[in-house]
Amino acid sequence: MSSRNRIFVITVVVFALLAAGIASYLFFRPPATQPRSLLLYTNYQSPETITNWIVDTDTGEKWEVGKGLAAWHWSPSGKYLIFHTLSPLPRQIWISNPDGSKLRQVLDGTDYPDLEIKNFDWLTGDMILVNVVRDAQSYTYLLKLNTLTFEQIPDSGGFIKVSPSSQFWLEFSMQNKYSFFNLDGRRTPLPSYLGDYYFSPTEDKIAYSCAGEYKFSSLCIADINISGITNERKVAENAFLNAYGETWWSQDGKYIGFLYYSEENKETRFRAINVSSGAIAYDWIFPTKDTRNFWSPRGDKIIDWGGLLLDLRTGQVSSFFTEIGETIPSYVVDWRMIEVP
């Protein structure tokens, strides 16, 4: 065989193998992982007897995570799940994969005997803001998961809530003043009424009660950034009459829900307002005794801290923990669409 023919044959074989490899990848590769509707809850009888469970609310599959630790929320990207100790103190912080596997400690409070570690929240998928007290003063520290460094953010007070963009957060100073603050040290004072704050989960917007027929009875929304608030507008007039507890957004940012007491019918109800139109989207009886509530990731259910479940399509109320056969006192921690490896 001539050299030219040999080169031609080799070229044909190489292209054939390459084509076969591409076809195999396209047609025989495993399907991409689909996010799962996962609810995280904790069994709690005492600080020494904590167990946590993840339930796939579509399939009913259930598994234990972070035994002996208190579970907290998934990171914004769903990459990590966070845990912490309740007892003994000083506090420790742990993270795991989103399904609870590969649990590892990222902060040990015994390494910082002069600091009292309070609460914490995600800033980004790889950074956690931690409220600490030192010498009776509140400060914000930054825990970087990539390097495991834990350092005070200069000139910071205590943080309250992180913006959806993770570019800044709401800060509360010892002088009872609210501000926006960021990692660059920029601080923007805010009006005192924004102590009633509710950040959108999807955009840099804030919802708050504003003046209506009665003081702070209406619903307003404003755009937010590190420079402050802009484009303030009233969404619904007198929305919060007889309302109580927290106000919370649906996970897609389309609705704002709250509890109120109907004087006419003498019953607790859940109401949701469409933030685009101001129209009432849902209004159902919801006999909860908790003020901490969660929207389902698909926006079709509400569950309270104690597991009371409201179907927003039908108004039917049920007990989540009864449905899954849970008999130990428990509370809901988080409910998200999570991609599990």
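A salt bridge is defined here as a Lys NZ or Arg NE, NH1 or NH2 lying under 4.0 Å from an Asp or Glu carboxylate O, and D290 with R292 fails to meet this definition. Between R269 and D283 a salt bridge is recorded (basic side-chain N to carboxylate O distance below 4.0 Å). Comment: R36 does not engage D99 in a salt bridge, judged by the lack of any side-chain N to carboxylate O separation of less than 4.0 angstrom. The pair D155-R187 meets the salt-bridge criterion, since a charged nitrogen lies less than 4.0 angstrom from a carboxylate oxygen.
Here the two rings, on W305 and Y44, have centers that are 6.0 Å apart or farther. Annotation: F181 is in aromatic contact with W169 [ring centroid separation under 6.0 Å].
Between F120 and H84, some side-chain heavy-atom pair lies under the 4.5 Å cut-off. Between L259 and T288 the shortest side-chain heavy-atom distance falls below 4.5 Å. Side-chain contact check for L69 versus T85: some heavy-atom pair is nearer than 4.5 Å. In this structure, W248 and I302 have side chains that are in contact, with non-hydrogen atoms separated by less than 4.5 Å. Side-chain contact between W53 and I324 is absent, with no heavy-atom pair separated by less than 4.5 Å. Contact check for L40 versus L81: side-chain heavy atoms found under the 4.5 Å cut-off. Side-chain contact check for Y255 versus W295: some heavy-atom pair is nearer than 4.5 Å. Looking at heavy atoms from C-beta onward, P189 lies out of side-chain contact with Y178 at the 4.5 angstrom threshold.
Residues L183 and F180 do not share a hydrophobic cluster, defined by chaining ILVMFWY side chains whose heavy atoms lie under 4.5 Å apart. No path of Ile, Leu, Val, Met, Phe, Trp and Tyr side chains, each step under 4.5 Å between heavy atoms, connects L123 with Y80, placing them in separate hydrophobic clusters. Note: the hydrophobic cluster containing V106 also contains I82 (ILVMFWY, side chain heavy atoms under 4.5 Å, direct or indirect links). Under the 4.5 Å side-chain heavy-atom criterion for grouping Ile, Leu, Val, Met, Phe, Trp and Tyr, V162 is not connected to Y139 through any hydrophobic cluster. Under the 4.5 Å side-chain heavy-atom criterion for Ile, Leu, Val, Met, Phe, Trp and Tyr, L143 and W94 are members of distinct hydrophobic clusters.
Between the side chains of Q105 and Q92, a donor-acceptor pair is found at a separation under 3.5 Å. Side chains of T42 and N52: a donor-acceptor N/O pair is present below 3.5 angstrom, by distance only. Residues Q251 and R298 have side chains that never bring a donor and an acceptor to within less than 3.5 angstrom of each other. N238 and E213 form a side-chain donor-acceptor contact under 3.5 Å, judged by distance and modelled atom types alone.
Side chain of D56 to main chain of T59: a donor-acceptor pair is present (N/O by atom type, distance under 3.5 Å, no hydrogens or angles). Side-chain atoms of E326 come within 3.5 Å of backbone N or O of I328 as a donor-acceptor pair. Between the side chain of N119 and the backbone N or O of V130 there is no donor-acceptor pair closer than 3.5 Å. Remark: side-chain polar atoms of S156 are paired, donor with acceptor, to backbone N or O of T140 under 3.5 angstrom. Proximity of a side-chain donor or acceptor of R91 to a complementary backbone N or O of L107 within less than 3.5 Å is not detected.
Around atom CD of E263, more than 12 heavy atoms belonging to other residues, nucleotides or ligands sit under 6.0 Å away. Other residues, nucleotides and ligands contribute at most 12 non-hydrogen atoms within 6.0 Å of the NZ atom of K161. Counting non-hydrogen atoms of other residues, nucleotides and ligands closer than 6.0 Å to NZ of K62 gives a total above 12.
Between atom CD1 of residue I95 and atom NZ of residue K102 there is a gap of 12.0 Å, rounded to the nearest 0.5 Å. Atom NZ of K215 sits about 10.0 Å away from atom OG of S209, to the nearest 0.5 Å. We find the OG-NZ distance between S163 and K205 to be 13.0 Å, quoted to the nearest 0.5 Å. With rounding to the nearest 0.5 angstrom, the CG atom of D300 is 11.5 Å from the OG atom of S250. Separation of atoms OH (Y41) and CG (D334) is listed at 15.0 Å; rounding is to 0.5 Å. From E323, atom CD reaches atom OG1 of T57 across 11.0 Å, with rounding to the nearest 0.5 Å.
Both the sub-6.0 Å distance and the 45° axial angle are not jointly satisfied by R186 relative to the ring of F168.
Qualifying ring-ring contact (aromatic ring centres under 6.0 Å, His included) partners for Y141, counting only residues two or more places apart in sequence or in other chains: F150.
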**OP:** Decide yes or no on side-chain hydrogen bond (donor to acceptor under 3.5 Å, both in side chains) for D304 and N293, but give the supporting numbers first.
**Re:** CA-CA 4 Å; D304 75 1; N293 299 273; over 6 Å; no
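Members clustered with W249: Y198, L219, I221, V235, F240, I256, F258, Y260, I273, V275, by chain and number, using a 4.5 Å side-chain heavy-atom cutoff among hydrophobic residues.
Taking the six-membered ring where the residue is Trp, F320 and W335 present tilted rings, their angle falling between 30° and 60°.
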